[in-house]
Amino acid sequence: MCAKATMEDFEALLKESFEIDTPEEGTVVKGRVIAIEAGQAIIDVGYKMEGRIDLKEFANPGEATPSIKVGDEVEVYLDRVENAKGEAQISREKARREEAWDRLEKAYASETRVDGAIFGRVKGGFTVDLGGAVAFLPGSQVDVRPVRDAGPLMGMKQPFQILKMDRRRGNIVVSRRAILEESRAEQRAEVIGNLHEGQTVDGVVKNITEYGAFVDLGGVDGLLHVTDMAWRRVNHPSEILAIGETVKVQVIKINKETHRISLGMKQLQSDPWDAVEKAYPLGSVHKGRVTNITDYGAFVELEAGVEGLVHVSEMSWTKKNVHPGKIVSTSQEVEVMVLEIDSSKRRVSLGLKQTQRNPWEVFVETHPVGSAIEGEVKNITEFGLFVGLDGDIDGMVHLSDLSWDKRGEEAIQEYRKGDMVKAVVTEVDVEKERISLSVKALGDDTFTDAVGDVKRGSIITVAVSAIEEGGIEVEYNGAKSFIRRSDLARDRGDQRPERFQVGDKIDVRVTAIDSKTRKLGLSIKAREIAEEKEAVEQYGSSDSGASLGDILGAALKGKN
């Protein structure tokens, strides 16, 4: 009876075991830790099956020792019901991954955030554990600004946004930046809502660039432009600000659409331009510091926040076509004169040369017209010489003022650059900055002295100095002139140069006085015609019956 019952019980149990479904391979099942040995956890997954899993599979990313003990209930992934050892082939890591993927796909579909922890660095970014699934975090998605040191972020549980996922390929891309930007936008909206233009607030300098500084106003950044930091010129924001420094700023402008905030520091200080006209009257001279040099002039700081421009034309009396950098240097202290003020445009025109005496005025005082000077030939041009004078100025000797006796083109050939020459000051035009000099004025004008009071039409006596084929050369008080063949006589037969000899004294009529060529126009023929006319007028005419010989004879007799 007992044996029969045992057989029936066994058959029932066997039938029951067949009726129970064996778990399907490739699914997640629940199990219990029944032992931990040799770095492995022995898991009873039910169905009369046990399996082994390395303890490291139970450790979270970045965790050295897993927190698991005998009796813990865990979910595992059933790879195979029975392996070569007769045990179930199971995996905790795959179970976590399957569970995570199911959860993450739902989060991705609903665009909700997921929690995770950065646990490793890879090329181009970082790896993130999302509770069993590993995702890639690109470097550009770590923060709203580039992160130099990601150490403090490692292992810290924080929210992420899934950007892309592909279960078949096992790829997940997440972003931490999207979460920060979202919360940042909410925070910005709240902070901006509490701000208004003209408000004074405290902020912390977060970043410095060439054009300004970003100031944290408590969750929202404002831009403090370099031109709004101080009334004076600021070359770089780092001159007056440091990262981490707390500063007091004024809200200048708020763009409600872009949430951009413009800040200013100088607006909290008094504007020095309010007192410029009173402090710097026109014509007053002040000391200043050169802050910037350009092609068109130099900026000089009169006081903090007040700069004036010395235009290149107002820098030097004598250096006209020189770059301002060759006259002054940056940071140099100079004396300047206030020439013009335009407060509305915040402009001050300054003069550097006005603080020194006009060298042309000084020259005319020390070298009046008629005084002699000596200087070096600085330049030779087609119209004269430029001579260096006192005060770093030049005077010009025109071609016509080089010599009494030579043409200017010939006389200038005798000079070379660097030669020292003496001359006489003939004119000084201070307004046009011109000085006229004359070399020939140092000597006597032999031609003027020679001709004296001689006038056109005068009869003078000259001495023959040379006989030529085309006429004769004559001399009058040292001044030489030439009488052409056609002017040697009234009668053509007497117009022969050879009838004269050197040393002969002859009377001639002055027909012209040319001061440029320094020559007298002389003619024997003109004298004879004039004498004949005069004789006819005094002693009768040939029309009355008298012969020309009788008239001339009477005239000669009368003259005797």
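No hydrogens, no waters, no symmetry mates; every other heavy atom, side chains included, goes into these values. Index from 1, following the sequence.
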Closest heavy-atom contact between [X] and [Y]?
| X | Y | result |
| --- | --- | --- |
| Val397 | Ser438 | CG1-CA, 4.4 Å |
| Ala107 | Val114 | CB-CG1, 3.4 Å |
| His236 | Ile208 | CE1-CG2, 4.1 Å |
| Leu241 | Met265 | CD2-SD, 4.1 Å |
| Ile293 | Gly325 | CG2-N, 3.7 Å |
| Val328 | Ala298 | CG2-CB, 4.0 Å |

Could you check whether any side-chain N or O of [X] sits under 3.5 Å from a backbone N or O of [Y], counting only pairs where one atom can act as donor and the other as acceptor?
| X | Y | result |
| --- | --- | --- |
| Arg232 | Ala304 | no |
| Thr355 | Met337 | no |
| Thr127 | Gly120 | yes |
| Arg103 | Leu130 | yes |
| Ser343 | Arg346 | no |
| Trp273 | Val306 | no |
| Thr381 | Gly384 | yes |
| Trp360 | Ile393 | no |
| Glu181 | Ala178 | no |

Using a cut-off of 6.0 Å, state whether more than 12 heavy atoms not belonging to Lys422 lie near its atom NZ. no

So [Y] and [X], do their side chains get closer than 4.5 Å, heavy atoms only?
| X | Y | value |
| --- | --- | --- |
| Arg289 | Ser331 | yes |
| Ile172 | Leu104 | yes |
| Glu335 | His286 | no |
| Asp392 | Trp317 | no |
| Val439 | Tyr415 | yes |
| Ile327 | Leu352 | yes |
| Leu339 | Leu350 | no |
| Phe160 | Gln141 | no |

Apply side chain to side chain contact (heavy atoms under 4.5 Å, CB included) to Asn292 and Thr330, showing your working. CA-CA 6 Å; Asn292 193 27; Thr330 305; 6.0 Å; no

Enter the distance from [X]:[atom1] to [Y]:[atom2] here, rounded to the nearest 0.5 Å.
| X | Y | atom1 | atom2 | result |
| --- | --- | --- | --- | --- |
| Gln269 | Met229 | CD | CE | 12.5 Å |
| Phe136 | Lys164 | CZ | NZ | 10.0 Å |
| Ile261 | Gln199 | CD1 | CD | 10.0 Å |
| Thr112 | Ile162 | OG1 | CD1 | 7.0 Å |
| Ser436 | Met396 | OG | CE | 6.0 Å |
| Glu374 | Leu389 | CD | CG | 11.0 Å |

Donor-acceptor contacts under 3.5 Å from residues 214-227 side chains, at least two apart:
| residue | atom | partner | partner atom | Å |
| --- | --- | --- | --- | --- |
| Asp216 | OD1 | Gly218 | N | 2.9 |
| Asp216 | OD1 | Gly219 | N | 2.9 |
| Asp221 | OD2 | Arg145 | NH1 | 3.3 |
| Asp221 | OD2 | Arg145 | NH2 | 3.0 |
| Asp221 | OD2 | Arg184 | NH2 | 3.3 |
| His225 | ND1 | Thr227 | N | 3.2 |
| His225 | ND1 | Thr227 | OG1 | 3.0 |

ring-ring contact (aromatic ring centres under 6.0 Å, His included) partners for Phe299, two or more places apart: none

Check whether the side chains of Tyr280 and Glu303 place a donor and an acceptor atom closer than 3.5 Å, and report yes or no. yes

Would you please test Lys157 and Asp115 for side chain to side chain contact (heavy atoms under 4.5 Å, CB included) and show each step? CA-CA 7 Å; Lys157 191 173 183 180; Asp115 290 333; 3.8 Å; yes

Taking the basic N atoms (NZ, or NE/NH1/NH2) and the acidic carboxylate oxygens, is any pair closer than 4.0 Å for Glu427 and Lys432? no

Check Arg167 with Glu105, please: is the shortest side-chain N to carboxylate O separation under 4.0 Å? yes

Please list all pairs passing the salt bridge (Lys or Arg N to Asp or Glu O under 4.0 Å) test where one or both residues lie in residues 356-371, with sequence neighbours left out. Arg357-Glu365

Side chain to side chain contact (heavy atoms under 4.5 Å, CB included) evaluation trace for Val424 with Leu437: CA-CA 5 Å; Val424 172; Leu437 306 174; over 6 Å; no

Under the rule for side-chain hydrogen bond (donor to acceptor under 3.5 Å, both in side chains), what residues qualify as partners of Gln267, not counting sequence neighbours? Asp228

Would you give me the side-chain donor-acceptor pairs under 3.5 Å for residues 244-253, sequence neighbours excluded?
| residue | atom | partner | partner atom | Å |
| --- | --- | --- | --- | --- |
| Glu245 | OE1 | Ala242 | N | 3.0 |
| Lys248 | NZ | Asp202 | OD1 | 3.0 |

Please tabulate, for side-chain N and O atoms in residues 307-314, each donor-acceptor pair with protein atoms closer than 3.5 Å (sequence neighbours left out).
| residue | atom | partner | partner atom | Å |
| --- | --- | --- | --- | --- |
| Glu307 | OE1 | Arg233 | NE | 3.2 |
| Glu307 | OE1 | Arg233 | NH2 | 2.9 |
| Glu307 | OE2 | Arg233 | NE | 3.0 |
| Glu307 | OE2 | Thr291 | OG1 | 2.8 |
| His311 | ND1 | Ser313 | N | 3.1 |
| His311 | ND1 | Ser313 | OG | 2.9 |
| Glu314 | OE1 | Gln354 | NE2 | 2.6 |

When you look at Val387 and Val421, which way does the side chain to side chain contact (heavy atoms under 4.5 Å, CB included) test go after all the steps? CA-CA 8 Å; Val387 180; Val421 296; 3.8 Å; yes

